[in-house]
Amino acid sequence: MSTLEIRDVRKSYGSVETLKGIDIALASGEFLVLLGPSGCGKSTLLNIIAGLAEATSGDVLIDGRSVIGVHPKDRDISMVFQSYALYPNLSVARNIGFGLEMRKVPAAERDKAVREAAKLLQIENLLDRKPAQLSGGQRQRVAIGRALVRKPRVFLFDEPLSNLDAKLRLEMRTELKRLHQMLKTTVVYVTHDQIEAMTLATRIAVMRDGRIEQLGTPKEIYDRPATLYVAGFVGAPPMNMLEGTVEGGKVRVKGSDAALPVAEAHDLPDGAAVIAGIRPEALRLDDGAAASLPARVEVVELTGPELVATMRVGEQKLVASLPARTHLTEGETVTLGFDADALHLFDPETGRACGRG
Ligand code: ADP
Ligand code: MG
């Protein structure tokens, strides 16, 4: 178990700055997820931690010691990639133990480590097979096993589940969580999948364009998004964003008579433009709620567990996730209720949440 610290790490390719100053300090045993769209710099940061790429400036410390200049092999780090190249001619057991074999670890010790890893991953019965005789999920387990036997101080994962089909991805996600709960190794895990991030992480770093937009627990990221970008990235369907203006401590929604009570609006001057964010799952059909909003139903989609209704408030679109048994007719006007503290207020100029520093 090890701490990991990333201090003002920057990376430029030519004149393009890919990482623009990353600061993260992880306690031992944390599971950090780097979450962001393709191209935001996640893999670059992971490769710098692993020593596969060099930072232009900044420092990476494991257990308080800088590893800059330390060869990847000597960093005590294991990395699992999206594409897990296994040796096709070697058995599962030898694939898992290959790193140890290269390091001339005695056969008995190697064998013990391989068996231990295989047991953890529940692939003991596959040790004699060749990779071609395995399913995608089993192959990914072997790749994880190969990383596991080295007993690294830090585990790095770069979109390890992206190549798996949806059902397997779900299964492996739970598996990874179980493994982390048992081993408590410090993990940095890269993904663009917000559900993976929410379910696996002890903390999430939401990245955008080479910067960390917000670093927090999944609950903090979901309940208190610091910016419009984070609010839109985490949650599905995404948070509704209604344009409005402040009027007497309330938010008047553009194109509607609705005035929403928002605590943060009290600090803003009348006429200030704001964006009121509300999650689809925070809305319900309710006339008696503390806050309400009239909306016209446009499209109704039953997903199974819920009814996703696309509506209009004036000209603005609003999506509500409602219980599956809700009766809604396209074209009707309903009143949506919600708790006042479910509203998030953003400054449309800066994109930052109002009143939250
Ligand atoms: P992510 O993993 O978030 O998809 P990457 O870290 O792979 O993003 O890439 C971030 C940015 O850096 C991208 O714009 C990519 O084109 C650029 N980049 C990555 N590696 C190199 C490289 N070796 N040379 C030049 N540009 C690179
Ligand atoms: Mg990547």
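Numbering of residues begins at 1 and proceeds along the displayed sequence. Read the numbers this way: they start at 1 and go in the same order the structure lists the ligands and their atoms. Computed from a predicted structure; not experimentally measured.
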A.B. asks: Can Glu175 and Arg178 be counted as an ion pair, charged N to O under 4.0 angstrom?
C.D. replies: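 A salt bridge links Glu175 with Arg178.
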A.B. asks: Compile the protein residues with any heavy atom at a distance under 4.0 Å from an atom of ligand 1; present them by chain, then by number.
C.D. replies: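 Its neighbours under 4.0 Å (heavy atoms only) are Tyr13, Thr18, Pro37, Ser38, Gly39, Cys40, Gly41, Lys42, Ser43, Thr44, given by chain and number.
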A.B. asks: Which atom pairs, one a donor and one an acceptor, fall under 3.5 Å between side chains of residues 104-112 and the rest of the protein, sequence neighbours left out?
C.D. replies:
{"from": "Arg110", "atom 1": "NH1", "to": "Val105", "atom 2": "O", "distance (Å)": "3.4"}

A.B. asks: Which residues and atoms, counting only protein N, O or S, are under 2.8 Å from the Mg ion (ligand 2)?
C.D. replies: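 Those protein N, O or S atoms (cut-off: under 2.8 Å from the Mg ion (ligand 2)) are Ser43 OG.
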A.B. asks: If the condition is ring-ring contact (aromatic ring centres under 6.0 Å, His included), which residues does Phe31 pass it with, not counting sequence neighbours?
C.D. replies: His180, Tyr189
A.B. asks: So that I can tick it off, tell me whether Arg173 and Glu196 are bridged by a salt bridge, with the cut-off set at under 4.0 angstrom between side-chain N and carboxylate O.
C.D. replies: no
A.B. asks: If you measure from the Lys or Arg side-chain nitrogens to the Asp or Glu carboxylate oxygens, is any gap between Asp223 and Arg279 under 4.0 Å?
C.D. replies: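 Looking at Arg279 together with Asp223, the answer is no, because their closest N to O distance does not fall below 4.0 Å.
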A.B. asks: Between Asp8 and Arg10, is there a side-chain N and carboxylate O pair less than 4.0 Å apart?
C.D. replies: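 A salt bridge links Asp8 with Arg10.
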A.B. asks: Are any of the side-chain heavy atoms of Val154 and Leu26 separated by less than 4.5 Å?
C.D. replies: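 In short, these two side chains do not touch, never coming nearer than 4.5 Å.
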A.B. asks: Could you tell me whether Glu213 and Arg211 make a salt bridge, using a distance below 4.0 angstrom between a side-chain N and a carboxylate O?
C.D. replies: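 Between Arg211 and Glu213 there is no salt bridge, as every charged N stays at least 4.0 Å from the carboxylate O atoms.
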A.B. asks: Keeping Glu332 on the side-chain end and Val297 on the backbone end, is there a donor-acceptor pair under 3.5 Å?
C.D. replies: no
